[in-house]
Amino acid sequence: MDYDFRAIENKWRKFWAENKTFKVSEDTSKPKFYVLDMFPYPSGAGLHVGHPLGYIASDIYSRYKRLQGFNVLHPMGYDSFGLPAEQYAIQTGQHPAITTEQNIARYRDQLDKIGFSFDWDREVRTSAPEYYKWTQWIFIQLFNSWFNPKSNKAEHIDSLVAIFEKEGSNGVNLDQLTGDIEKDMIPFTANEWKNYNEKKKLEILMNFRLAYLGESYVNWCSALGTVLANDEVVNGVSERGGHPVERKLMKQWSMRITAFAQRLLDGLNEIDWSESIKETQRNWIGRSEGCSIKFKVKSEELRVESDVNIESIINENSPLSALHSPLEIEVFTTRPDTVFGVSFVTLAPEHDLVAKITTPEQKAEVEAYVEKAKNRSERERQADVNTISGVFTGSYVEHPFTKLPIPIWVGDYVLVGYGTGAVMAVPGHDERDFKFAKHFGIPIKQVIVPTNDSHDMDKAAWVEKEGTIINSDFLNGLSVKQAISKSIEEITKNGFGKGRINYRLRDAVFGRQRYWGEPIPIFYKDETPYALQESELPLTLPEVDKYLPTEDGEPPLARANNWKYQNANEYELSTMPGWAGSSWYFLRYLDPKNTSEFVSKDKVDYWGNVDLYIGGSEHATGHLLYARFWTKFLFDRGFIPFDEPFKKMINQGMILGRSSFVYLVIGENKFVSYSLKDNLVCAPIHVDISLVDNDKLDIEGFKKWRPEYTNAEFICEEDGTYICGYEVEKMSKSKYNVQTPDELVEKFGADTLRMYEMFLGPLEQTKPWDTKGINGVFNFLRKLWRLFHDANGNVAISEDQPTKEALKTLHKTIKKMTDDLDRFSFNTGVSNFMICVNELTDQKCNNKQILQELIIMLSPYTPHISEELWVKLGNASGTISTAKFPVFNEEFLVESAFDYPVSFNGKMRFKVNLSLSLNPKEIEELVLALEESHKWLEGKAPKKVIIVPGKIVNVVI
RNA sequence: GCGGAUGUGGUGAAAUUGGUAGACACGCCAGACUUAGGAUCUGGUGCCGAGAGGUGUGCGGGUUCGAGUCCCUCCAUCCGCACCA
């Protein structure tokens, strides 16, 4: 009987499903191991061969761990809220839930064909109310929490209320409560707090909640009709769809991820992730150490009078420090050593103080500039980095040390979202400031002597953190490094500012003006947001007539009829972003059916965090950062016992498509073969890869492909074939280079596909898909099959004692397989099997002991054929997944002799077989006595002979 | 500009600690088998050379008895981030 993969795979797929072979539960007698894949968004296009790459690797690893006796949790689910289903709904009116359901069915069908060992009883879908009930629940926990900088962790908001009741807001020393995150709070005493009404209290608490409603500049995408988080904006356009994005001041639900910036940074040192992802996260968090410095605004007439109503300023939602008179501009700098080189101060166009400090003479010009800057999209602004623009406000600040007046400018090179939205410009030692000063003719003051003599201060700023300080009063003569600490010391001592750590990370905007997402469990009473009670969850997504915003520009949820909290109060109308559900799904797998908790304590204690996470690196700044944030939060609040979700992560590389081309002769309906194309003027045209085999075009098929090619002519190679050119590109429909796993499973079987995907190359590497090589793996499985059968196709297994040779082959393979799996080297694993089967075939080995061990090792890669052969060896059905992985025994590899490579001056010349019991001196004598050696010595005496027993001999002449 | 990764045959790649470069496979070449099965078997296949031999892991240097592997300089490609003060 031949290797009938179709029958075998159908049989075992059915067997696993019916017997729930991969269902797991908590079992304290075994060590646990949690292997997780990044769950897919079920798109309408289905899977191509690139998608299952990571799933195959994680499945192999899961099966390997199971064979080693671990209790392996290996679940799968769907990230099923998202934009494409909603866009489709807008176009067709079909409810996104239906589209999602259909896509999931297709995904499931495709996944099932590949033979994964998922425990499908644990499937989760983020769009299911039973799931998002708990996403909403976590949101409420975040809403009811604040970050206590003193304990450095999230706490229930009640502990903050207790502080307020006892000591108010600690006077002016707000940092102790806010950790420098929020600064626009008016100080109050305990008594004042007690006398505030509920609305006022809630308003103050909103400044501390980890999920909060606040006004801030957001990325507004009008084409999508929603706001986007920073990581959803790429190169100034939306990640999905590539629509323009502008900055807009809006009231939005946000997540105070900035409170966790330092812990998110520190945690990276404790997890086993690729350096590049960790660096990307460090970069995104963007910690920089420096100093804040306050500059007093000089113009007398602008000074805020002492009897001014401070609250009126607060209520303008100033994100900046404008609280105390006289007006001050606070800047953040990493170079306080250059403070004496400040020749102007620049404000971001959106900075609150711009309007307040501009003089009447400059008003028109400044307003025009600000207006223009605000209307520029992110993309325009980024594309235009080299154009210098700015405008003078007419006002001055006072230098804190010299007391000299310094002009205040507005410039869009200063970003409102970073630092304080204001910079002290030191043109002598900052490139942008230099350009700005040159452009506007502002004086440039040198305060550092460059270490490089040839540096010309007239041509460029000296920006290196090296050199000696000059023109700087008490800093003169110090090195830059010394001057940084000395200046911070002086600035702090004089109350001009203080040392400060700044992060690039912004709070994450959480509301989306979309339909297909989790409703935010909030209602409004007296314009104040209140969270729903746990017992009122889930707040299910209401039905709407259309999935578009209303005519008044309200989100789609505003279309829902009679959708009110207790029939009285308005619900929040925005929904959660795509990353909400995926920030905690790994926890729900532990206890997917629990209706009273998001996960039970017992289960989360047993399973713990993810031991191995496999997925793409494209989530480096989105999902992976948010999931870490929520995990830290849930840990702080005592819901889970760990504060990093994913201990080890591997990022599989992208699989690129291999596009094929035909060459159309310009002006004719004639195609020229690859090697002849340079003789003619022709244009390459993508041709469907299903019409090409080994670069040879199926000419008849091609003629039928498109009506216009029916009568096409072909200039072929000498042998009459038409050879196509190729290029490696991303897989896409428009390039006709998409390879689906389904076709390959049909043609070669799932085992071949699984093994071939691993054989392509290292998991983490980007690699081109090329179907050519799949035959090699297919042939390997047939060769394996033949090991178990005689020439007539009957099972032929010997029960004899295995030969020494066979045992050596087996144990060599056991050792290599264990090593390779432990270091996730799946591609070399495949070649180990090939070598092993080649050797056993040469040895004509059909010994049961040997073959049984071999297929156990093979079963993680090719589970179907392994199950089948396992039964043929006389074992009970379906148990190979719980067999025991073979153990390496070194005894079988012991050798008595070794083929020594003999080198002369490092060049290998010949080999000689010598006993391993010889000592170096004996080896040297034997080698030098050889006739071959005399030839290479050319009569000279060797200067030295290096001998590494069991490795090499090197003769130095 | 900053950061990360990668450069090895015609192709995908291997070489885990500095010790025989190119395992394993694809493709190709030659042959066998006997019909057509994405068969199977045998031999060959880095480059130059008829051969002896020479040469060879992006370039150039260095350390070493010995370097794909370690160090320095440079180049190329890919991926992040980017007016971040």
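Chain letters run A, B, ... following the sequence lines, proteins first and then strands; every chain starts at 1. All heavy atoms count here, side chains included; hydrogens, waters and symmetry mates do not.
The C1' atoms of B:C26 and B:U35 are separated by 26 Å, rounded to the nearest whole Å. When the C1' atom is used for both B:U69 and B:G62, the distance is 15 Å, rounded to whole Å. Across the C1' atoms, B:C48 and B:G61 are found 26 Å apart, a figure rounded to whole Å. Between the C1' atoms of B:G68 and B:A21, the separation comes to 8 Å (whole Å). Annotation: B:C59 and B:U8 have their P atoms spaced 10 Å apart (nearest Å). One P atom belongs to B:A52, the other to B:C47, and the distance between them is 16 Å to the nearest Å. To the nearest whole angstrom, the two P atoms, one in B:U57 and one in B:G10, are 13 Å apart. Nucleotides B:G51 and B:G58 have their P atoms positioned 28 Å apart, rounded to a whole Å.
Between A:R504 and B:A82 there is a side-chain polar atom (N or O) within less than 4.0 angstrom of OP1 or OP2. In this structure, A:R786 reaches the B:C41 phosphate: one of its side-chain N or O atoms is under 4.0 Å from OP1 or OP2. Remark: A:R909 is in phosphate contact with B:G54, judged by side-chain N or O atoms under 4.0 Å from OP1 or OP2. For A:K935 and B:G53, the shortest distance from a side-chain N or O to OP1 or OP2 is below 4.0 Å.
A cation-pi contact links A:K815 to A:F888, judged by a cut-off of 6.0 Å to the six-membered ring centre and 45° from its axis.
Across the protein-nucleic acid pair, A:K911 atom NZ and B:U20 atom C1' stand 5 Å apart, rounded to whole Å. Distance CG (A:N905) to C1' (B:A67): 15 Å, rounded to an integer number of Å. Atom CG of A:L760 is separated from atom C1' of B:A14 by 15 Å (rounded to the nearest Å). Put simply, CD on A:E232 is 13 Å from P on B:C81, counting in whole angstrom units. One interatomic measurement links the two molecules: CE of A:M654 to P of B:C79, which rounds to 8 Å at whole-angstrom precision.
Listed here is the closest heavy atom pair of A:I257 and A:R506: CG2-O, 3.4 Å. The shortest non-hydrogen separation linking A:F824 to A:I650 is CG-CD1, 3.3 Å. Taking every heavy atom of both residues into account, A:V927 and A:S933 meet most closely at O-OG, 2.6 Å.
Out of B:A85, B:A14, B:C81, the shortest distance to the side chain of A:S288 is found at B:A85. The side chain of A:V956 lies closest to B:C65, out of B:A85, B:A13, B:C65.
Among the heavy atoms of the strands lying under 4.0 Å from A:K747 is at least one base atom, whether or not backbone atoms are also near.
Relative ring orientation between A:F436 and A:Y413 is described as tilted, the plane-to-plane angle lying within the 30° to 60° band. Ring geometry for A:F295 versus A:H399: interplanar angle over 60°, hence perpendicular rather than tilted (30 to 60°). Between A:F778 and A:Y3, the angle of the ring planes lies from 30° to 60°, which puts this pair in the tilted group. Under the 30°/60° scheme for interplanar angles, the aromatic rings of A:Y756 and A:W769 are found to stand perpendicular.
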Can you tabulate the close N/O pairs, meaning under 3.5 Å, that link protein atoms to atoms of nucleotides 1-6 of chain B?
| residue | atom | partner | partner atom | Å |
| --- | --- | --- | --- | --- |
| B:G3 | O2' | A:E279 | OE1 | 3.3 |

If you restrict it to nitrogen or oxygen atoms, what contacts under 3.5 Å exist between nucleotides 23-27 of chain B and the protein, and what is each distance?
| residue | atom | partner | partner atom | Å |
| --- | --- | --- | --- | --- |
| B:A25 | OP1 | A:N838 | ND2 | 2.9 |

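The backbone N or O of A:L760 sits nowhere less than 3.5 Å from a side-chain atom of A:N827 that would complete a donor-acceptor pair. Under the 3.5 Å distance criterion, the side-chain polar atoms of A:Y503 are left unmatched by any main-chain donor or acceptor of A:W284.
Base orientation of B:G66: anti, the glycosidic angle falling outside 90° of 0.
The aromatic ring centroids of A:F910 and A:W936 lie 6.0 Å or more from each other.
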